[in-house]
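To keep things clear, I will list the structure first and then write my remarks on it.
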Amino acid sequence: MSDAQTKTMDASAQADGPGLSKIIGKYDPTIFFITAAVTLLAVIYGIVDPVNFDGLLSAIQSWITSRFSWFFIISVAIYLGVVIYIAFSKYGNMKLGKETDKPEFSYFAWIAMLFSCGVGVGYAFWAVGEPIMHYMNTPYLAESATPAARPIAIQIGVMHWGIHAWGIFALVGLAIAFPAYRLGKPMNVSISLYGLFGDKISQNALGKVIEILAAFATIAGVSTALGLGIISTNAGIEHLYGKPLGTFGQLTFLAILIALYVLSAVSGIKKGIKNLSTINVGIAFCWGAFILFSGPTRELLELMVQTIGSYINNFVFATFWTDANNVKGQWLDWWTVFYWIWWISWGPFCGGFVARISKGRTIREFILGVCVVPTLVALVWFSIVGGAAQSVQIAHIADIAAALKADMGSGIYVLLSTFPWGDFVGAIVFLNLVIFLITSADSASFFVAMQMSGGKTEPSTPMKLIWGIFIGSLAFVLLASGGLKALQKVSIIAGTPFAIVTFMMAASLIKMLKRSYKAEHPVIQPNKKKPSK
């Protein structure tokens with residue numbers, strides 16, 4: 001650990017009670033206790049009066065999306081523009097670390113772990129959901145439920161899960177990783193503003209608020225994802241075995257899941273998270289290939305090529321589409337704007353985790369790996385899985401649209417039921433989704449533990465254990481009380497201020513890059529000879 005990190009840690013722990021620090025190591029008591037208190041207050045409200053709590057949060061979220069949709073759309077476009085500029089600028093060859101530092105992980109392990117921070121399970125569920133739902137109700141460029149709507153529907157799904165989302169994660173991750181690995185600063189979210197405020201950002205009020213909001217949004221968001229993931233996987237159990245889990249069964253399953261992801265988080269990134277992520281990507285590749293070669297292979301490949309063309313051709317239009325004449329009602333708020341706010345709120349968690357696993361990469365390598373690779377995966381994946389679902393829907397082999405309305409988690413299982421060996425592959429998909437839930441939760445536990453430990457890249461085992469159990473317990477309680485969707489809205493509302501903070505991160509990052517580049521590439525002035533007399 002650098003001197004700067006040590007000093008920050010010591011300062012953070014000044015108010016630390018001596019007993020607790022002996023157990024969990026040095027930590028920031030302000031962030032630790034306020035985050036826990038705020039989260040518990042939100043959960044208690046959600047348990048005591050879930051209906052009114054959800055109603056209040058729905059009103060706040062609706063107010064935000066209806067009045068500021070234009071702001072979030074232009075913001076995400078600007079974030080992506082900044083990231084692309086940095087990737088191809090003179091700063092692209094600068095390393096996240098010393099020039100002699102080598103990457104900790106292989107390319108495959110690194111890419112696999114990108115999907116472990118909360119989004120991998122979305123690729124599995126929504127690769128069926130979005131291509132079907134947008135095909136049935138196409139917002140632009142094609143009439144709904146027509147052949148022209150197929151690639152447009154898939155294109156929309158790719159946009160929601162592709163480069164726009166990963167551009168946010170890349171920008172936040174780079175703003176954290178550069179000062180941490182290049183300048184020897186602690187790896188916490190507030191250090192992303194080091195270029196604007198210097199070392200004092202880790203101790204002033206703004207820094208504390210940013211850390212608390214980031215931790216709270218992560219805890220609330222991942223707790224919700226865990227609980228909703230249990231509800232969704234319940235659809236898989238019902239499909240595979242003919243009977244869903246009851247409330248007690250779901251809670252038991254969640255308890256087992258908590259134990260598994262806590263064990264993974266405690267074992268560290270290089271063992272638990274890395275190994276589970278690489279295994280899971282391999283499993284997903286296998287069942288994706290099964291759908292491709294068991295379904296209408298030629299049709300899916302042609303659709304994939306057409307979707308790629310549609311995505312590229314309509315990229316600028318789709319990025320800036322705001323439905324200015326309100327032709328499609330609330331579609332934009334329900335879908336694109338919701339996703340943009342959701343990804344912004346998850347920016348600190350996903351960006352912070354990606355930063356942690358990217359030491360030794362060049363800036364260009366980091367941005368292209370984080371932004372381009374997942375987008376290419378989304379193009380292929382959504383075209384194959386979503387295209388197969390569309391084919392089944394169009395041929396009236398199964399009514400996937402109706403199944404999705406009844407239970408969003410059922411779509412992939414209904415699709416697989418139309419293939420030979422579908423039930424067997426469905427069991428593999430179920431296992432795949434469970435592992436994705438585990439990797440999402442253990443990476444979140446690791447990230448929150450880092451923030452509580454003052455940006456320490458290897459937080460103590462007890463710290464990871466505490467927050468891993470905390471996240472799982474919240475999901476457990478809210479699953480039983482019915483407050484999960486309310487907590488999801490809390491996460492989004494808490495993360496909304498990061499739309500402004502992310503602009504500050506971009507300004508801070510560019511300032512840091514300019515300073516470092518100038519220091520490392522001084523301009524040599526030519527010697528001027530004095531004129532002879």
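Nothing here was measured: the structure is a model prediction, and the numbers come from that model. Note that these values count all heavy atoms, side chains included, but never hydrogens, waters or copies made by symmetry.
Note that Arg361 lies in the cation-pi zone of Tyr107, set by a 6.0 Å cut-off to the ring centre and a 45° limit from the axis.
Under the 6.0 Å cut-off for aromatic ring centres, Trp287 and Trp381 qualify, their centroids lying closer than that. Aromatic pair Phe317/Tyr140: centroids less than 6.0 angstrom apart. Ring centroids of Phe169 and Trp166 are separated by less than 6.0 Å, placing the two rings close together. When ring centroids are compared, His160 and Trp126 stay outside the 6.0 Å threshold. Ring centers of Trp467 and Phe446: at least 6.0 Å apart, outside the cut-off.
Contact check for Trp110 versus Ser358: side-chain heavy atoms found under the 4.5 Å cut-off. Counting heavy atoms from C-beta on, the side chains of Thr30 and Gln203 never come closer than 4.5 Å. Residues Pro139 and Trp335 have side chains not in contact (no heavy-atom distance under 4.5 Å, counting atoms from C-beta outward). For the pair Ile64/Val337, no side-chain contact is recorded, criterion being any heavy-atom separation below 4.5 Å from C-beta on. Contact of the Thr319 side chain with the Leu80 side chain is not registered, since no non-hydrogen atoms from C-beta on lie closer than 4.5 Å. Contact annotation: the side chain of Val448 never approaches that of Phe470 to less than 4.5 Å [non-hydrogen atoms, C-beta and beyond]. For the pair Met94/Glu520, a side-chain contact is recorded, criterion being any heavy-atom separation below 4.5 Å from C-beta on.
Contacts classified as salt bridge (charged side-chain N to carboxylate O under 4.0 Å, His left out) and involving residues 339-359 (residues at least two apart or in different chains) are given here: Glu104-Arg356, Arg356-Glu458.
Rounding to the nearest 0.5 Å places CZ of Phe178 at 12.0 Å from NZ of Lys185. With rounding to the nearest 0.5 Å, the separation of CZ in Phe216 from CD1 in Ile34 is 13.0 Å. Separation of atoms OG (Ser453) and CG (Asp28) is listed at 9.5 Å; rounding is to 0.5 Å. Here the straight-line distance linking atom CZ of Phe197 with atom CG of Asn204 works out to 7.0 Å at 0.5 Å rounding. Here the CG atom belonging to Asn275 is positioned 9.5 Å from the CE atom belonging to Met113, to the nearest 0.5 angstrom. One finds the OG atom of Ser190 at 13.5 Å from the NZ atom of Lys200 (value rounded to the nearest 0.5 Å).
Summarising the geometry of Val189 relative to Pro348, their closest heavy-atom pair is CG2-CB, 4.0 Å, with the distance given to 0.1 Å. Heavy-atom minimum distance, Thr375 versus Gly162: OG1-C, 3.5 Å. Minimum interatomic distance between Ser440 and Val222 (heavy atoms only, all atoms of both residues): O-CG1, 4.2 Å. For the pair Gly369 and Ile111, the tightest heavy-atom approach, listed with the atom from each and the gap, is O-CD1, 3.9 Å. Contact between Ala170 and Phe366 at its shortest, heavy atoms only, is O-CE2, 3.4 Å. In terms of heavy-atom proximity, Arg364 sits nearest to Ser89 at NH2-O, 3.2 Å.
Side-chain N or O atoms of Ser192 include none that pairs as donor or acceptor with a backbone N or O of Ala175 at under 3.5 Å.
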> Would Thr65 and Phe338 satisfy side chain to side chain contact (heavy atoms under 4.5 Å, CB included), going step by step from the backbone distance to the final call?
Replying inline: CA-CA 7 Å; Thr65 56; Phe338 173 84; 5.8 Å; no
>> Would Val172 and Tyr79 count as a side chain to side chain contact (heavy atoms under 4.5 Å, CB included) here? Give the steps.
In response: CA-CA 10 Å; Val172 177; Tyr79 301 153; over 6 Å; no
> Going through the checks in order, is the side chain to side chain contact (heavy atoms under 4.5 Å, CB included) test met by Tyr91 and Ile510?
Replying inline: CA-CA 9 Å; Tyr91 310 122; Ile510 291 173; 5.6 Å; no
> Step by step, would you call Met304 with Leu379 a side chain to side chain contact (heavy atoms under 4.5 Å, CB included)?
Replying inline: CA-CA 7 Å; Met304 179 179 69; Leu379 280 166; 5.9 Å; no
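For the residue pair Trp331 and Asp323, no side-chain donor N or O sits within less than 3.5 Å of a side-chain acceptor on the partner.
Taking the six-membered ring where the residue is Trp, His164 and Trp340 present parallel rings, their angle staying beneath 30° rather than reaching 60°. Using cut-offs of 30° and 60° for the angle between ring planes, the Phe349 and Phe353 rings count as tilted. Taking the six-membered ring where the residue is Trp, Trp343 and Trp346 present perpendicular rings, their angle passing 60° and hence far from 30°.
None of Asp333, Thr336, Thr496 except one satisfies the side chain to side chain contact (heavy atoms under 4.5 Å, CB included) rule with Phe72; the exception is Thr496. Among Val370, Val82, Ile367, the one residue that satisfies the side chain to side chain contact (heavy atoms under 4.5 Å, CB included) test with Leu174 is Ile367.
Checked for salt-bridge contact, Arg182 and Glu99 meet the test: a charged N lies under 4.0 Å from a carboxylate O.
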